[in-house]
2 protein chains.
Amino acid sequence: MGNLPSLTSAEENYLKCIYHLSGGGKMLVSTNGIAAEIQTKPASVTDMLKKLQKKQVIDYYKYKGVNITRSGKLVALLIIRKHRLWEVFLVEKLGFHWDEVEEIAEQLEHIRSINLINKLDHFLGYPRVDPHGDPIPNEDGIIESKPKILLAKLTQDKEARFISVKNTSPIFLQYLDKLGLHLGSDLKVLDRNEFDHSLQIMINQGSTIFISRDVAENILVSEQ
Amino acid sequence: MGNLPSLTSAEENYLKCIYHLSGGGKMLVSTNGIAAEIQTKPASVTDMLKKLQKKQVIDYYKYKGVNITRSGKLVALLIIRKHRLWEVFLVEKLGFHWDEVEEIAEQLEHIRSINLINKLDHFLGYPRVDPHGDPIPNEDGIIESKPKILLAKLTQDKEARFISVKNTSPIFLQYLDKLGLHLGSDLKVLDRNEFDHSLQIMINQGSTIFISRDVAENILVSEQ
DNA sequence: TATGCTTTTTAGGCTAATCTAAATAATCTA
DNA sequence: TAGATTATTTAGATTAGCCTAAAAAGCATA
């Protein structure tokens with residue numbers, strides 16, 4: 001039942017990254033993978049891994065890889081909770097567009113106060129997902145998520161709801177807006193083109209559009 | 001018209017401190033004074049003063065003292081603007097009590113995004129004062145403030161409004177609540193006691209209470 | 001104005017987080 | 001499986017922000 005270790009902002013960023021790259025703790029993560037994601041050098045990652053190991057939030061096997069511990073997972077989920085709740089605040093209350101919030105939420109997620117985040121949660125009406133459709137962990141770090149599949153893998157003529165995006169870059173999000181693809185839309189694959197793997201999609205039982213394979217592989221949907 | 005220099009969080013804290021201690025740029029501030037306020041050692045202050053000098057937000061005269069420059073004042077006022085707007089948010093929207101917000105606002109004031117703070121201002125309805133009664137600078141760093149005097153100095157039998165507090169410690173603020181003294185209350189000094197300099201005060205033309213000299217010297221009022 | 005006290009600065013070190021360059025371990029491939 | 005390639009770690013610097021101890025400047029007063 002020991003208290004969670006307290007981390008610096010830099011340590012929190014590394015831990016969040018390891019959480020994501022390991023698929024929530026399912027696989028070992030490589031030093032180079034972390035370096036690429038955090039945009040730093042492998043040597044810096046090695047330094048940091050030793051610190052995180054000492055704080056017992058990761059299991060670090062030299063030259064082999066790294067995974068997140070049980071308490072590390074809780075810490076990571078709390079950071080993710082903060083990040084996503086702040087994103088909801090920025091979009092719902094302040095009127096930011098969903099492609100502008102990443103950088104600010106990245107800063108806000110490091111504000112230290114459990115009281116603050118729980119009051120924010122209440123103020124926002126206990127949202128279940130952030131503006132990108134990603135689920136928000138509750139106070140105990142429990143995250144509920146329906147099975148999601150790539151739009152690219154969706155069975156033809158089956159209806160599914162646009163739940164989330166894999167890529168959150170402004171360029172991609174703005175392109176989705178231009179295409180008329182929004183979170184929560186009902187999508188159906190009408191046709192697949194062998195030649196370039198592009199898809200013909202129907203949106204909300206209405207308009208149909210063509211999207212490239214690259215787009216289809218960055219959109220997550222849940223069936224029914 | 002040059003852009004404002006960008007400062008680290010630590011630099012921002014020093015600058016804000018210098019702004020306050022200098023009375024908004026009116027007097028020279030001493031190294032020891034800053035050290036006492038920031039709770040650090042004089043040697044650390046000297047180090048930081050050199051950095052702030054290089055960024056041209058202060059004028060630093062070795063062994064003599066330090067003052068804030070024109071651009072330093074703008075930077076300081078922007079930090080104060082952020083701090084006070086976040087305090088309003090914490091109290092008005094999240095339901096914090098006014099004695100709990102200092103520590104969190106201290107962190108939030110360093111979040112970098114002008115867009116964010118202006119949207120927050122709009123969301124809050126462009127408040128003029130924070131929960132302690134202190135005025136909030138506008139986007140251009142302009143601060144409007146009515147002349148404030150210490151309750152201890154208020155002419156007897158003259159009405160004045162409780163505008164602000166000098167001391168913002170939770171102990172003091174909680175004591176004020178217990179006494180029934182709230183921001184915005186109308187106050188009148190009914191009597192002064194020679195012996196211990198305590199005052200008899202009428203609140204909102206209703207109840208009367210006795211307050212010590214220490215309390216009276218930490219309450220700011222504006223006449224009329 | 002010389003002496004002593006206080007304030008301030010300098011010198012040298014420490015930690016966190018980063019870097020480059022070099023060394024070492026792991027893996028791939030012929 | 002040996003050599004080459006890639007991944008990872010180590011070694012040694014750097015910067016920001018802090019520290020202690022010692023030196024220097026300013027001041028107060030006899």
Side-chain angles (χ1 to χ4, degrees), chain A residues 4-19 21-22 27-68 72 75-76 79 106-107 109-112, chain B residues 4-19 21-22 27-68 72 75-76 79 106-107 109-112:
Chain A
L4 295 181
S6 92
L7 306 186
T8 66
S9 292
E11 287 169 341
E12 286 190 347
N13 285 335
Y14 275 89
L15 191 64
K16 195 178 56 150
C17 171
I18 294 167
Y19 180 86
L21 291 178
S22 69
M27 327 167 260
L28 281 183
V29 173
S30 74
T31 300
N32 270 4
I34 297 168
E37 188 74 13
I38 303 244
Q39 310 246 53
T40 184
K41 303 292 156 179
S44 308
V45 175
T46 301
D47 284 350
M48 185 57 89
L49 293 182
K50 289 177 188 163
K51 288 176 199 161
L52 293 175
Q53 166 92 293
K54 218 174 271 172
K55 296 199 176 180
Q56 315 202 17
V57 289
I58 60 168
D59 288 321
Y60 169 45
Y61 310 101
K62 254 196 204 177
Y63 290 104
K64 292 293 172 58
V66 68
N67 209 334
I68 199 159
V75 174
I79 303 164
E106 208 72 32
Q107 296 178 64
E109 74 187 6
H110 301 298
I111 302 291
R112 260 153 250 286
Chain B
L4 294 181
S6 92
L7 306 185
T8 66
S9 292
E11 287 169 342
E12 285 189 349
N13 285 335
Y14 274 90
L15 192 65
K16 196 177 56 151
C17 170
I18 294 166
Y19 179 87
L21 290 178
S22 69
M27 327 166 260
L28 281 184
V29 174
S30 74
T31 299
N32 271 3
I34 298 168
E37 188 72 14
I38 303 244
Q39 311 246 55
T40 185
K41 304 292 154 177
S44 307
V45 175
T46 301
D47 283 351
M48 185 57 89
L49 294 182
K50 288 176 187 164
K51 288 174 198 161
L52 293 175
Q53 167 90 297
K54 217 173 273 173
K55 295 199 177 181
Q56 314 202 19
V57 290
I58 60 168
D59 289 321
Y60 168 45
Y61 311 101
K62 257 195 203 179
Y63 292 104
K64 294 293 170 57
V66 68
N67 209 333
I68 199 158
V75 175
I79 303 164
E106 207 73 31
Q107 297 178 64
E109 75 188 4
H110 302 298
I111 302 290
R112 259 154 252 287

Spacing of CZ belonging to A:R112 relative to CD belonging to B:E106, to within rounding of 0.5 Å: 14.5 Å
Watson-Crick or G-U wobble partner of D:dT9, both distances under 3.5 Å: C:dA22
Rounded to the nearest 0.5 Å, how far does CG of B:L52 lie from OH of B:Y14? 9.0 Å
First locate atom CD1 of B:I18, then atom CG of B:D59, and finally report the distance between them rounded to the nearest 0.5 Å. 11.0 Å
CD on A:E37 to OG on A:S30, rounded to 0.5 Å: 11.0 Å
Sequence neighbours left out, what passes side-chain hydrogen bond (donor to acceptor under 3.5 Å, both in side chains) with A:Q53? Give chain and number order. none
Between protein and nucleotides 7-20 of chain D, map the contacts as a letter string: B base, S sugar-phosphate only, - none, heavy atoms under 4.0 Å, written 5' to 3'. SBBB-----SBBBB
